[in-house]
Asks: 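Pasting a structure below so you can have a look.
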2 protein chains.
Amino acid sequence: MISIPVLTLKRLPQYLELLYGFEHEGQDTISATRLAELTGVHMTQVRKDIALTGVVGIPKVGHKVRDLIESIESCLNWKDHSSAFLVGVGRLGSSLLGYSEFKRKGLNIVAGFDTDPSVAGSLVDGVIVHPMDKFANLCRRMKVHIGILTVPADQAQATAELMVESGILAIWNFTPTLLQLDEGIIVEDVDMSASLAVLSRRLSEKYEQDSQQDNKSKNKKNTIDQEKQ
Amino acid sequence: MISIPVLTLKRLPQYLELLYGFEHEGQDTISATRLAELTGVHMTQVRKDIALTGVVGIPKVGHKVRDLIESIESCLNWKDHSSAFLVGVGRLGSSLLGYSEFKRKGLNIVAGFDTDPSVAGSLVDGVIVHPMDKFANLCRRMKVHIGILTVPADQAQATAELMVESGILAIWNFTPTLLQLDEGIIVEDVDMSASLAVLSRRLSEKYEQDSQQDNKSKNKKNTIDQEKQ
DNA sequence: AGTATTTCGATATTTTTATAGCGATTAAGG
DNA sequence: CCTTAATCGCTATAAAAATATCGAAATACT
């Protein structure tokens with residue numbers, strides 16, 4: 001199995017999102033050119049990304065929407081469902097438990113876990129929440145390999161270690177903590193801070209740029225005024 | 001103001017997270033080498049990233065933790081607070097309203113908005129929730145330029161357009177929808193799907209790799225067995 | 001004081017990623 | 001049936017990012 005570049009993997013769901021829309025509208029073919037226009041990704045890039053998933057298109061026509069969807073989904077392993085445990089049924093955790101979107105994307109959250117005894121035992125959006133001390137046992141017994149980490153930052157490292165000891169192979173990390181784990185363990189960070197960082201900086205850059213343009217036009221106006229005088 | 005590469009911007013919060021820890025522990029200097037070890041980023045990369053924020057270090061010693069923190073924070077504009085409006089006070093939206101982390105990162109969510117009249121008017125984690133029709137007015141009056149988008153996917157595009165019309169310059173998009181907006185508008189996607197895509201694929205790759213190794217060792221065993229015979 | 005060691009930061013080099021160019025292929029219209 | 005136009009997908013180039021190299025600076029140890 002070839003290793004698909006991260007950046008390609010991150011673009012694939014974007015295409016998929018559009019493709020679902022097309023399928024819904026009854027459109028059955030789509031060109032890479034059009035996908036490029038809609039995503040802002042360069043058309044040759046789209047072609048390369050698509051090529052990596054293994055489908056071939058028809059010149060002058062493009063790709064069959066259904067084929068592309070199938071190809072991307074199977075490439076991302078979104079066709080058969082993987083079980084996952086979620087640890088930390090706080091605000092964010094419980095919002096994820098109810099996120100139906102995941103089921104469409106091959107992720108099946110089968111249980112939640114929390115140290116807080118008042119949360120444990122309850123059902124959140126139809127998902128059962130166990131006390132934390134049952135994690136290791138259930139994880140091994142049910143052969144769950146994906147862990148979703150939504151605990152407070154200060155518990156992240158310890159919880160992650162427990163997950164790994166219990167047989168978790170991949171951690172979807174929603175905490176800002178940088179996990180230090182065994183090399184083989186797959187850690188994927190949903191990095192809100194990283195995203196916010198880009199947003200903040202770009203906005204600052206924009207403000208400055210705009211104010212410079214203001215200055216320029218002011219100066220221009222002055223010059224014109226002076227010319228009038 | 002120089003334009004800092006996206007990938008650098010995404011690494012800066014990671015360094016910052018570690019630096020807060022060091023400061024908490026009373027450590028007052030840190031080397032790029034050490035940061036590299038902890039983040040897994042190459043040491044020269046760390047140096048380049050740090051250089052972009054404008055600080056200079058001391059050979060043989062490294063950088064003053066406090067200076068680095070200040071430099072990164074000001075680089076990301078996390079020192080002075082920006083106001084933001086959040087639209088879509090559902091599960092995810094309300095979990096974000098209570099996320100105290102943001103205040104430390106220069107983001108101040110001053111109000112929530114929702115079309116659901118039963119939510120509007122209430123307080124969620126001390127943040128007032130207004131009915132959606134007040135958005136445009138309040139946005140202009142309070143000069144809010146950041147919008148957080150946590151509405152259902154099918155309302156994302158329309159809501160985003162309304163935001164832009166009301167004076168929003170940057171949208172922090174938590175929906176899977178690919179927004180089609182004016183070029184000048186800054187859109188930053190918190191792409192859970194993208195993240196999940198990487199996780200799923202990497203796990204598939206790992207499974208296959210492992211099973212291949214299993215086959216190899218089986219074959220090896222067979223060979224050995226045969227040799228024994 | 002002099003030497004060894006660590007780390008910085010500037011300058012290559014390599015690698016990866018994105019873009020461009022171009023012939024091949026296929027549907028549609030004359 | 002032939003030409004035109006659109007698109008694919010391959011190869012080549014360009015840009016960006018990551019990594020390596022190396023001299024200079026600063027501390028600590030002899």
Side-chain angles (χ1 to χ4, degrees), chain A residues 2-12 14-15 18-19 22 27-72 75 191 194 197-198 201-202 205, chain B residues 2-15 18-19 22 27-69 71-72 75 191 194 197-198 201-202 205:
Chain A
I2 54 159
S3 170
I4 296 181
V6 195
L7 293 170
T8 295
L9 287 176
K10 294 199 172 189
R11 280 187 296 261
L12 290 177
Q14 281 188 28
Y15 306 144
L18 289 169
L19 291 166
F22 295 140
Q27 190 178 332
D28 50 327
T29 59
I30 181 73
S31 69
T33 320
R34 183 88 188 102
L35 279 175
E37 280 170 20
L38 291 169
T39 53
V41 177
H42 200 274
M43 104 177 50
T44 52
Q45 193 62 61
V46 175
R47 295 224 175 89
K48 273 194 179 174
D49 290 342
I50 288 175
L52 282 168
T53 72
V55 277
V56 286
I58 311 150
K60 173 86 181 180
V61 175
H63 298 264
K64 285 204 172 163
V65 171
R66 189 91 279 273
D67 288 357
L68 247 185
I69 290 179
E70 299 263 332
S71 180
I72 295 178
C75 184
D191 219 330
V198 179
R201 175 72 189 190
R202 292 287 176 251
E205 286 170 7
Chain B
I2 55 159
S3 170
I4 295 181
V6 195
L7 293 170
T8 295
L9 287 176
K10 293 198 172 187
R11 281 188 296 261
L12 290 178
Q14 281 187 29
Y15 306 144
L18 289 169
L19 291 167
F22 294 141
Q27 191 178 331
D28 50 329
T29 59
I30 183 72
S31 70
T33 320
R34 183 89 189 104
L35 279 176
E37 280 169 21
L38 292 169
T39 54
V41 177
H42 200 277
M43 90 171 69
T44 52
Q45 193 61 62
V46 176
R47 296 222 175 90
K48 274 193 180 176
D49 290 342
I50 288 176
L52 282 168
T53 71
V55 276
V56 286
I58 311 151
K60 173 84 183 184
V61 175
H63 298 264
K64 284 205 172 163
V65 171
R66 190 90 278 273
D67 287 359
L68 247 185
I69 291 179
S71 181
I72 295 178
C75 183
D191 220 330
V198 179
R201 175 72 189 192
R202 292 287 177 252
E205 286 171 7

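Order of the sequence lines sets the chain letters (A, B, ...), proteins ahead of strands, with each chain counted from 1.
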Asks: Quickly work out the A:Leu7 CG to C:dA18 P distance and round it to whole Å.
Replies: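 Atom CG in A:Leu7 sits about 5 Å away from atom P in C:dA18.
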Asks: Grab the CD-P distance between B:Glu37 and C:dT6 for me, whole Å please.
Replies: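 The distance from CD of B:Glu37 to P of C:dT6 comes to 12 Å, rounded to the nearest Å.
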Asks: I'd like a table of atom pairs between the protein and nucleotides 4-8 of chain D - only N or O on both sides, under 3.5 Å - with the distance next to each one.
Replies:
unit_1: D:dA6; atom_1: O4'; unit_2: A:Lys60; atom_2: NZ; d: 3.4
unit_1: D:dT7; atom_1: O4'; unit_2: A:Lys60; atom_2: N; d: 3.3
unit_1: D:dC8; atom_1: OP1; unit_2: A:Ala32; atom_2: N; d: 2.8
unit_1: D:dC8; atom_1: OP2; unit_2: A:Arg47; atom_2: NE; d: 3.0
unit_1: D:dC8; atom_1: OP2; unit_2: A:Arg47; atom_2: NH2; d: 2.9

Asks: Would you compute the distance between atom CG of B:Leu52 and atom CD1 of B:Ile72 and round it to the nearest 0.5 angstrom?
Replies: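 Output value for this atom pair is 11.0 Å.
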Asks: What nucleotide, of D:dA18, D:dT21, C:dA20, holds the atom closest to the side chain of A:Thr44?
Replies: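 The nucleotide sitting nearest to the side chain is C:dA20.
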Asks: Tell me the closest heavy-atom pair linking B:Asp67 and B:Val55, and the distance in Å.
Replies: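 In terms of heavy atoms, the two residues are closest at O-CG1, 3.9 Å.
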Asks: Nearest whole angstrom, please: distance from the C1' of D:dA16 to the NE2 of B:His42.
Replies: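 One finds 17 Å between C1' of D:dA16 and NE2 of B:His42, rounded.
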Asks: To the nearest Å, how far apart are A:Lys48 NZ and D:dA15 C1'?
Replies: 12 Å
Asks: Please report, rounded to the nearest Å, how far the P atom of C:dC8 is from the CD atom of B:Gln45.
Replies: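 Taking CD of B:Gln45 and P of C:dC8, I get 15 Å after rounding.
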Asks: Heavy atoms only, 4.0 Å cut-off, all strands: where does A:Arg34 land among base, sugar-phosphate and nothing?
Replies: nothing
Asks: Expressed in angstrom and rounded to an integer, what is the separation of A:Met43 atom CE from D:dG9 atom C1'?
Replies: 13 Å
Asks: Angle between the two end axes of the helix from C:dA1-D:dT30 to C:dG30-D:dC1, five base pairs per end, rounded to 10 degrees?
Replies: 0°
Asks: Could you check how far NZ of B:Lys64 sits from P of C:dT7, rounded to whole Å?
Replies: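 Taking NZ of B:Lys64 and P of C:dT7, I get 18 Å after rounding.
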Asks: Rounded off to whole Å, could you give me the CG-to-P distance for the A:Leu52 and C:dA18 pair?
Replies: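 In whole Å, C:dA18 P and A:Leu52 CG are 11 Å from each other.
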